[in-house]
Each structure stands twice: as structure tokens, then as C-alpha cells.
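Only one structure is covered here, and it is reproduced in the block below.
Whatever order the structure lists ligands and atoms in, that order sets their numbers, starting from 1. Since the structure is predicted, the reported quantities are computational estimates derived from the model, not experimental observations. Scope of the values below: all heavy atoms of this structure, side chains included, with no hydrogens, waters or symmetry mates. Counting from 1, the numbers follow the sequence of the chain as shown.
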Amino acid sequence: MLHSPELEDELGDVLDKAMKAAGLREHDLAARSGVEINRIKDVLDYRYEISPRELSALARVLGLNDAGLHALAEDRYPAPETGGLPFCLRVLAMPYGVGVVNAYIASICGAEEAVLIDSGCCPRALERAWPGDVTRIDAHLVTHWDRDHTGGCAETMKRFGLPHCLGPGPAAAGRRALCDGEVLEVAGLRIRVLSTPGHCGEHFCYLVGRADRPGAREVLFSGDLFFCGSVGGGYHDCASVLRHARRLWRELPGETVVAPGHGPLTTIANEREFNPFSDCG
Ligand SMILES: [Fe+2]
């Protein structure tokens with residue numbers, strides 16, 4: 001098992017999101033945990049002098065996964081094995097602000113047909129990240145309509161002659177709205193649409209496998225619902241983000257590879273066991 005140095009969120013981000021989800025401010029958390037308020041402020045400012053005992057006290061009050069929180073704090077959050085997929089998955093990692101946003105291309109290995117999931121912030125970034133041997137896109141799926149994930153939508157429609165990008169509602173020019181539970185078959189892949197709102201009002205994850213190999217390892221494109229080691233910001237509804245992430249951690253096979261909108265690949269089993277927001281470890 002490897003240890004990933006480039007997670008989307010570090011301890012300060014996780015604490016900030018957990019406090020918002022719990023509706024607690026710094027002084028509330030200090031009073032309930034017995035951890036001095038300045039120690040909490042330090043963590044929120046990315047200064048990590050906090051002791052293991054204090055960290056466990058914060059985890060207990062915030063309902064966080066103690067093992068995962070310690071792994072994150074000690075820079076040893078595990079990155080699991082994600083190989084052995086029955087189709088090709090290409091990661092298009094593009095710089096965005098101080099971070100990185102991911103788009104993905106999925107295809108049957110050796111086939112020309114392919115599916116694009118999200119498209120980064122802008123056509124120029126997508127162009128730079130584009131694999132030279134991919135010349136055809138049969139469907140462009142979108143997890144959510146935030147600009148950092150959809151800036152290349154119009155460009156790919158034009159370049160590949162697509163009638164629309166497919167994603168959550170509402171339908172608009174250049175978009176076709178999909179429905180929760182809908183199943184598509186494109187480019188030899190079977191794609192199940194999962195509605196997972198909370199980061200924004202309309203957000204989808206996509207569970208993708210080979211159409212001709214039911215039961216083989218699948219990939220969950222999780223957008224900004226959850227990442228390796230954290231969850232997306234609950235800008236629409238924090239409780240909904242946690243409810244949907246925990247539901248998927250519980251219900252999907254552990255071997256399912258997770259391809260998030262930011263940060264490295266992971267697996268359902270890894271996040272079930274270590275994600276600081278997991279209550280099923
Ligand atoms: Fe994002």
C-alpha cells in the first residue's frame with residue numbers, strides 16, 4: 001500500500017468541513033472537547049502542533065473516523081491499489097487555482113470509442129492534458145456544473161460533434177439532463193447515474209463498468225461528493241453530502257475504484273475504512 005502526498009484536503013480543511021457539518025464554532029468545539037481554542041485555530045490555519053490525544057478528542061466530538069483522522073494528520077493516509085480494471089481509465093489532471101481538477105476518459109482498451117467524464121476549467125487546460133491517441137468521444141458526462149469541472153463542455157461538443165453534454169438538471173442549451181438510476185450503454189461501457197446532491201443542488205456520481213462483464217471491477221466517478229481522504233464542501237447541504245457519501249461507502253463493493261473530481265484515485269474499501277467522515281470503518 002502506498003501513501004499519497006497530494007490529497008485534495010489536509011487536516012485543516014477536514015476540521016473546517018467537519019465543524020460546519022456539525023454546526024460548531026471554535027469555542028463550542030473547545031468547550032466540548034477540552035482542547036484549547038488556540039490549538040483548534042492553529043489546525044484551521046494549517047499549523048499542526050496538536051497531540052494525538054487532542055486529535056482523538058476532536059474526532060469524538062465531531063463524529064469523525066479516529067484512525068483516518070490520525071492517518072491524515074501524520075501524513076500516512078493510505079493510497080490503495082487501483083489496477084486490474086477491465087477497461088482503460090485515463091486521468092486528465094489539470095491545474096486549477098492552487099489545486100488540481102480531474103477529468104477522465106474511459107474506454108475499452110484498444111477501442112476507438114470513448115467516454116469523457118467532466119472536462120476541467122477551460123478548453124486550453126483540457127487541450128494540454130488531452131491524450132494524443134484519443135480521437136473520438138461518444139458521450140461527455142458531467143458530474144456537476146461548477147465551472148472547474150465543465151469549462152471544456154462546449155469545446156468537446158464542437159470537436160467531437162456531440163449534440164449535448166449529459167449531466168444533472170436543469171436542462172439548458174448544450175445540456176441534456178439525466179435521471180437518478182438511469183443506465184446508459186456507450187462505448188461498450190455500462191454507466192449508472194446516481195444522484196448525490198449536497199455539494200451543489202444537482203450533483204451526479206457515475207458508476208461505470210464493462211457492459212459485457214457484469215460483476216467485474218467498476219469505477220465510481222465521484223465528482224465533488226467525496227475524495228481520497230475527505231468529502232466535498234457542502235455548499236448546498238452538508239448533511240446531504242455526508243448521507244450520500246456514507247451510503248455509497250456502505251453499499252458499493254469495496255474493490256470499486258473511485259475517481260474523484262480532485263486528488264488521487266482511491267477505492268470504496270479505503271474510504272470506508274479511513275475517510276475521516278466515514279462512520280462505517
Ligand atoms: Fe470541484
Side-chain angles (χ1 to χ4, degrees), residues 4 6-18 20-21 46 72 77 89-106 115-130 140-156 165-170 172 174-175 177-178 193-208 219-245 248-249 257-266 271 275-277:
S4 174
E6 294 183 25
L7 298 177
E8 167 66 6
D9 282 351
E10 53 182 280
L11 182 62
D13 304 305
V14 166
L15 182 61
D16 182 53
K17 287 177 180 176
K20 285 185 176 131
Y46 307 108
L72 196 67
Y77 194 86
L89 176 66
R90 296 163 196 256
V91 183
L92 281 58
M94 293 167 267
Y96 181 76
V98 295
V100 173
V101 62
N102 299 327
Y104 298 93
I105 294 173
V115 174
L116 175 68
I117 298 96
D118 287 336
S119 58
C121 67
C122 50
R124 181 181 289 189
L126 187 63
E127 186 66 37
R128 284 202 189 112
W130 197 264
H140 179 173
L141 302 169
V142 168
T143 56
H144 61 299
W145 296 105
D146 282 358
R147 184 174 173 274
D148 54 333
H149 299 269
T150 59
C153 179
E155 182 68 17
T156 56
C165 295
L166 304 168
R175 305 177 182 183
L178 299 171
V193 179
L194 304 168
S195 176
T196 52
H199 174 70
C200 45
E202 301 275 0
H203 183 287
F204 283 166
C205 293
Y206 298 102
L207 186 63
V208 176
V219 176
L220 179 77
F221 294 93
S222 67
D224 282 359
L225 176 65
F226 70 90
F227 316 120
C228 183
S230 189
V231 295
Y235 304 119
H236 179 73
D237 180 354
C238 290
S240 183
V241 166
L242 294 181
R243 189 170 63 252
H244 287 293
L248 296 181
W249 294 334
V257 172
V258 177
H262 304 271
L265 299 178
T266 183
E271 300 315 298
N275 194 293
F277 294 93

Inset, instruction - Nearest 10° is fine: what angle sits at the Fe ion (ligand 1) between OD2 from D224 and NE2 from H149? - result: 90°

Legend entry - Name of the H262 atom (N/O/S only) found closest to the Fe ion (ligand 1): NE2

Legend entry - Aromatic ring proximity, centroids under 6.0 angstrom, H144 and F204: no

Legend entry - Ring center gap for F277 and F226 short of 6.0 angstrom: no

Legend entry - Name, closest N/O/S atom of D148 to the Fe ion (ligand 1): OD2

Legend entry - Spacing of S119 atom OG and N102 atom CG [to the nearest 0.5 Å]: 12.5 Å

Legend entry - Carboxylate-amine/guanidinium proximity below 4.0 Å for K20 and D16: yes

